[in-house]
Amino acid sequence: MVDQSTVERLKDLACEARKNILRLCHKGATHIGGDLSMADMMTVLYQYGMKYDPKRPDWEERDRFILSKGHGAGCLYVTLAMAGYFSMDEVLAKYREPGSPFGEHPSSEVPGVEISTGSLGHGLSVSVGLALAARLDGRGNRVFTLMGDGETQEGSVWEAAMAAAHYELGNLVAFVDRNRISLDGETEKLLRLEPYAEKWRAFGWNVVVIDGHDIEQIVAVFDNLPPVDSKKPTVVIGKTVKGKGVASMENDVNWHAGSIDADFLARSCAELDEARRRERGE
Ligand SMILES: Cc1ncc(C[n+]2csc(CCOP(=O)(O)OP(=O)(O)O)c2C)c(N)n1
């Protein structure tokens, strides 16, 4: 079991990540609701679970990460900055500037970004290819991807899910940010996904359902991953809240994307700090 000091460190980092996400949203519009819902899973991925070296983004043995829900670029840039690929100041200076690689969707020109994404429904297919290549090359790395739940309404996702099971890709781990809201409404009203875990299971996947904001539960996912040479791909369905951490944004479809002013930024950062202090019992 993981020690409490690691958990507290990760919680501090997740709080810092949310504040950085808000800073970025003040610089220029981001997909803020989904950035905030994926922040805990992304923090644990990069600060606990994944094998990589920010000084050598092309290191052959690195775990691969594909942000399939490319509109979550804001959270990805913050996560990569906090992981040491570049500085947060650089992201804030360059975000959405003409000619900058730090656009509203991630480009492979950004260090640490494996492929450009933003057109939904492709990340799992690419991840299947990368996991298969790792197997064929005899490499021991894993491939991680993160999808939006609305994104998994795309048929291409289920073709990739079939292929992953067919090729017995136990080195593939897909996270789903199950915040139950898409661009313009609730996933279950737009195109029903439930029974969601059963669907993945029926496609031959190892399924883990967690609270996607509970750091201990996310850490436990990594502590209990099946061996890299096992035969079933793993999907982690993280139950999350869109806009998590900023009360006025939570579960509000209107905050799928947007920008915030300086006053909103200051208030939300104070709200996040206060929540973290309460959590620490201070
Ligand atoms: C192929 C494709 N169709 C439509 C869009 C427009 N779009 C951007 S975000 C989004 C909603 C995605 O919802 P979800 O995957 O649940 O993301 P989250 O709620 O986590 O932001 C849509 C439809 C797109 N980027 N790509």
Side-chain angles (χ1 to χ4, degrees), residues 14 17-18 20-22 24-25 28-45 65-79 96 102-108 113 115-128 144-161 174-197 199-200 209-214 218 235-246 248-260:
R18 285 199 165 81
N20 279 331
I21 285 168
L22 288 160
L24 197 60
C25 187
T30 64
H31 290 83
I32 182 71
D35 286 337
L36 290 170
S37 65
M38 66 198 262
D40 297 298
M41 294 190 287
M42 289 292 283
T43 298
V44 180
L45 265 160
F65 176 77
I66 303 294
L67 181 64
S68 193
K69 53 169 276 193
H71 59 282
C75 182
L76 179 64
Y77 299 151
V78 164
T79 307
R96 298 192 69 158
F102 294 96
E104 199 181 345
H105 296 89
S107 152
S108 56
V113 175
I115 60 155
S116 306
T117 50
S119 181
L120 297 169
H122 301 297
L124 190 60
S125 300
V126 172
S127 303
V128 166
F144 295 94
T145 186
L146 190 144
M147 294 179 281
D149 54 354
E151 177 182 11
T152 67
Q153 291 164 331
E154 297 262 6
S156 53
V157 171
W158 299 98
E159 291 185 49
F175 281 78
V176 179
D177 182 2
R178 182 77 171 110
N179 59 31
R180 304 185 79 93
I181 296 178
S182 186
L183 183 150
D184 52 357
E186 296 171 30
T187 56
E188 300 317 282
K189 288 190 182 153
L190 293 166
L191 186 62
R192 193 167 52 251
L193 289 168
E194 295 295 339
Y196 198 54
K199 282 196 173 92
W200 284 99
V209 182
I210 58 166
D211 174 343
H213 299 308
D214 185 318
I218 310 168
V235 61
V236 182
I237 301 171
K239 293 192 206 165
T240 56
V241 173
K242 204 152 173 169
K244 176 70 179 178
V246 180
S248 60
M249 288 180 160
E250 286 187 359
N251 283 317
D252 184 349
V253 72
N254 295 308
W255 278 113
H256 174 73
S259 57
I260 58 176

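These numbers were taken from a predicted model, which means no experiment stands behind them. Indexing begins at 1, ligand by ligand and atom by atom, following the structure's order.
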key: Donor-acceptor contact present, side-chain Thr145 to main-chain Ile66, <3.5 Å   = yes
task = Tell me, please, which residues at least two apart from His256 pass ring-ring contact (aromatic ring centres under 6.0 Å, His included).
result = His31, His71
task = Could you walk me through whether Glu154 and Lys69 pass the salt bridge (Lys or Arg N to Asp or Glu O under 4.0 Å) test, one step at a time?
result = CA-CA 12 Å; Glu154 297 262 6; Lys69 53 169 276 193; over 6 Å; no
inquiry  = Can you give me the closest heavy-atom contact between Pro106 and Leu76, atom names plus distance?
reply    = CB-CD2, 3.9 Å
query = Looking at Gln153 and Leu191, what are the two nearest heavy atoms and their distance?
reply = NE2-O, 2.8 Å
Every pair of nitrogen or oxygen atoms between ligand 1 and the protein that is under 3.5 angstrom apart - can you list them with their distances to 0.1 Å?
{"from": "ligand 1", "atom 1": "13 (O)", "to": "Ser182", "atom 2": "OG", "distance (Å)": "3.3"}
{"from": "ligand 1", "atom 1": "15 (O)", "to": "Gly150", "atom 2": "N", "distance (Å)": "3.4"}
{"from": "ligand 1", "atom 1": "15 (O)", "to": "Glu151", "atom 2": "N", "distance (Å)": "2.9"}
{"from": "ligand 1", "atom 1": "16 (O)", "to": "Asp149", "atom 2": "OD1", "distance (Å)": "2.8"}
{"from": "ligand 1", "atom 1": "16 (O)", "to": "Gly150", "atom 2": "N", "distance (Å)": "2.8"}
{"from": "ligand 1", "atom 1": "16 (O)", "to": "Ile181", "atom 2": "O", "distance (Å)": "3.2"}
{"from": "ligand 1", "atom 1": "17 (O)", "to": "His71", "atom 2": "NE2", "distance (Å)": "3.2"}
{"from": "ligand 1", "atom 1": "19 (O)", "to": "Asn179", "atom 2": "OD1", "distance (Å)": "3.4"}
{"from": "ligand 1", "atom 1": "19 (O)", "to": "Asn179", "atom 2": "ND2", "distance (Å)": "3.3"}
{"from": "ligand 1", "atom 1": "19 (O)", "to": "Ile181", "atom 2": "O", "distance (Å)": "2.7"}
{"from": "ligand 1", "atom 1": "19 (O)", "to": "Lys242", "atom 2": "NZ", "distance (Å)": "2.6"}
{"from": "ligand 1", "atom 1": "20 (O)", "to": "Lys69", "atom 2": "NZ", "distance (Å)": "2.8"}
{"from": "ligand 1", "atom 1": "20 (O)", "to": "Asn179", "atom 2": "ND2", "distance (Å)": "3.1"}
{"from": "ligand 1", "atom 1": "21 (O)", "to": "His71", "atom 2": "NE2", "distance (Å)": "2.7"}
{"from": "ligand 1", "atom 1": "21 (O)", "to": "Lys242", "atom 2": "NZ", "distance (Å)": "3.4"}
{"from": "ligand 1", "atom 1": "25 (N)", "to": "Gly118", "atom 2": "O", "distance (Å)": "2.8"}
{"from": "ligand 1", "atom 1": "26 (N)", "to": "Leu120", "atom 2": "N", "distance (Å)": "3.1"}

task = Among Glu194, Lys239, Lys189, find the one that has a side-chain contact (heavy atoms from CB on, under 4.5 Å) with Arg180.
result = Glu194
